[in-house]
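Please read the structure below before turning to the comments.
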There are 2 protein chains.
Amino acid sequence: MQIEDSLGPFIQTLNERSFWIEVSNMKELTNRELSSLAYKKVKEMILSNQLRPGEKIVQDKLATTLGISRTPLRTALQMLESEYLVESIPRRGVVVRKLSNEKMVEIYDCRIALESTAVRRFTQIATKDKIERVKRFFSDFIKQSNIDVEKYQIEDIKFHDYIITNCGNSFLGKLFQQSNLLLCINQIGLVRPAHETLPEHLKIINAIDDGDCNLAVELTKDHLLKSKDLITRKL
Amino acid sequence: MQIEDSLGPFIQTLNERSFWIEVSNMKELTNRELSSLAYKKVKEMILSNQLRPGEKIVQDKLATTLGISRTPLRTALQMLESEYLVESIPRRGVVVRKLSNEKMVEIYDCRIALESTAVRRFTQIATKDKIERVKRFFSDFIKQSNIDVEKYQIEDIKFHDYIITNCGNSFLGKLFQQSNLLLCINQIGLVRPAHETLPEHLKIINAIDDGDCNLAVELTKDHLLKSKDLITRKL
DNA sequence: TTTATTAATTTTGTATACGGTATACAGTAT
DNA sequence: ATACTGTATACCGTATACAAAATTAATAAA
């Protein structure tokens, strides 16, 4: 059990990975102070790998570690369960979910279906400023010969997240958030190297800029399909 | 407040509508007795309209009505919130969600995206028995001149649910269950008359039987799009 | 040494108690 | 008559207590 050890230097340990978790994917739960706090902390601990996949969460210990009682922690765990980040086994406790490659493939299929819809709508309705914003995600990496993988991964997710949350279908966005469709994949880091996916991203952005929604959809499908296929081959 | 009144004759009142809720779309939570019970009951009460959209749920009253304490009720409400059936407003309580036509349209777009993927996969992998099962959903209605709308609605949802849960992508199934993509639409009853949708269903089934997955996908898209468009026109 | 059975300990799920916040209402002032 | 403020009540969120179940440890038998 490494919860006790890890929480002391926890704030310092938070790397950039935790940053986009904060900004792009955190439920707002103002005023439900303690449940909200527990939710955020535990989610961060999972996504930053301080609670490892497969590890059991002992409620009493984690609660005292966080300085709260079990009640708000339990509500937090319930939320995380609905987000597919932990699994609750009745009368046995809750464990951090571990995604198999099979599940990853399934998730990619869902992403392909939903993100296709998202880019199409985004391309149709996006304003000038939004398109400009999209262009900026990868502008820093174009010049660089050696890409900072850590930063690239963050922008990668931010890019996809931006399209999804700005496509005009808030229910679709909720679907993504609720099941952590974007985040859970990154349990394993980047699926494909940046030098391979960067050009794909840029092509998609160009298609969006041109207002060519069919092309944007096809490129997005292809982009995701390639990553899916790579995982499929590992099965 | 009509909770007290309604629970007395509650068991009797449960119509067939509650049946498919039970069989096709209930989270399994064996052994978490009271939370599970509360979850089922409250979900049934919402989907059978005993708790009406917009109505506030007073935890203490509903808990005593159900014969349990507030704690398991609260966990049940938390689950229902993640399913988008109720909305929890911090320090104010939880109310039954009311879906606007705009939201319905958004939901239809998500359904089109995901169910397209589902029929494609289903058509590809379905065994003989599963195809036979699919054929039976509407076999009773083919002969009838006057269709029992109540029963038809149930089979309609069961049909879509069957494709989704048997398409080989369990994550996709979870997505549907978790957000009640199939059920919440029926807050308003059948969107289009049975005599209009029945032929469409039969065509889809034929395409599946023929193993023509592209056709099955197109027909499914068209089928859902027509309902979506009808709601869009009401905006 | 290994396996079975039982006792001890841990941990979960539920109920209850408590403090604080929001809402309703009455009385006062404008 | 209407607006405002103070008080009472209702309700929510959290902590704690307790019982049932599960896990672990320990002891006895093969």
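In what follows, chains carry the letters A, B, and so on, assigned in the order in which the sequence lines appear, proteins first and then strands, with residues in each chain numbered from 1.
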In whole angstrom, what separates [X]'s [atom1] from [N]'s [atom2]?
| X | N | atom1 | atom2 | value |
| --- | --- | --- | --- | --- |
| A:Ile89 | D:dA22 | CD1 | P | 13 Å |
| A:Ile57 | C:dT12 | CD1 | P | 10 Å |
| B:Lys61 | D:dC12 | NZ | P | 10 Å |
| B:Leu73 | C:dG13 | CG | C1' | 15 Å |
| A:Gln59 | D:dT14 | CD | C1' | 15 Å |
| B:Leu34 | C:dT12 | CG | P | 18 Å |
| A:Leu62 | C:dT12 | CG | P | 10 Å |
| B:Arg70 | D:dA15 | CZ | P | 14 Å |

Looking only at side-chain N and O atoms, does A:Thr75 come under 4.0 Å of OP1 or OP2 in D:dG13?
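For D:dG13, neither OP1 nor OP2 has a side-chain N or O of A:Thr75 closer than 4.0 Å.
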Respond yes when some side-chain nitrogen or oxygen of B:Arg92 is under 4.0 Å from OP1 or OP2 of C:dT23, and no when none is.
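Yes, B:Arg92 has a side-chain N/O under 4.0 Å of OP1/OP2 on C:dT23.
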hbond_proxy B:Arg91 side chain to C:dT21 base (donor-acceptor, 3.5 Å cutoff)
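Side chain to base: no pair below 3.5 Å.
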May I ask you to decide if the ring planes of A:Phe159 and A:Phe137 are parallel, tilted or perpendicular, using 30° and 60° as cut-offs?
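The rings of A:Phe159 and A:Phe137 stand perpendicular, inter-plane angle above 60°.
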Using a 3.5 Å distance criterion without hydrogens, assess whether the side chain of A:Asn169 forms a donor-acceptor pair with backbone atoms of A:Leu172.
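Answer holds: yes.
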Checking A:Thr123 now: which residues fulfil side chain to side chain contact (heavy atoms under 4.5 Å, CB included) with it, not counting sequence neighbours?
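Only A:Ile208, A:Cys213, A:Ala216 meet the side chain to side chain contact (heavy atoms under 4.5 Å, CB included) criterion with A:Thr123.
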Just checking, any donor-acceptor pair under 3.5 angstrom between side chains of A:Lys158 and A:Tyr162?
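Side-chain D/A pair, A:Lys158 to A:Tyr162: absent.
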Nearest-nucleotide 5' precedence on DNA chain C, A:Thr71 against A:Gly93:
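Mapping each residue to its closest nucleotide by heavy atoms, the 5'-most match is A:Gly93.
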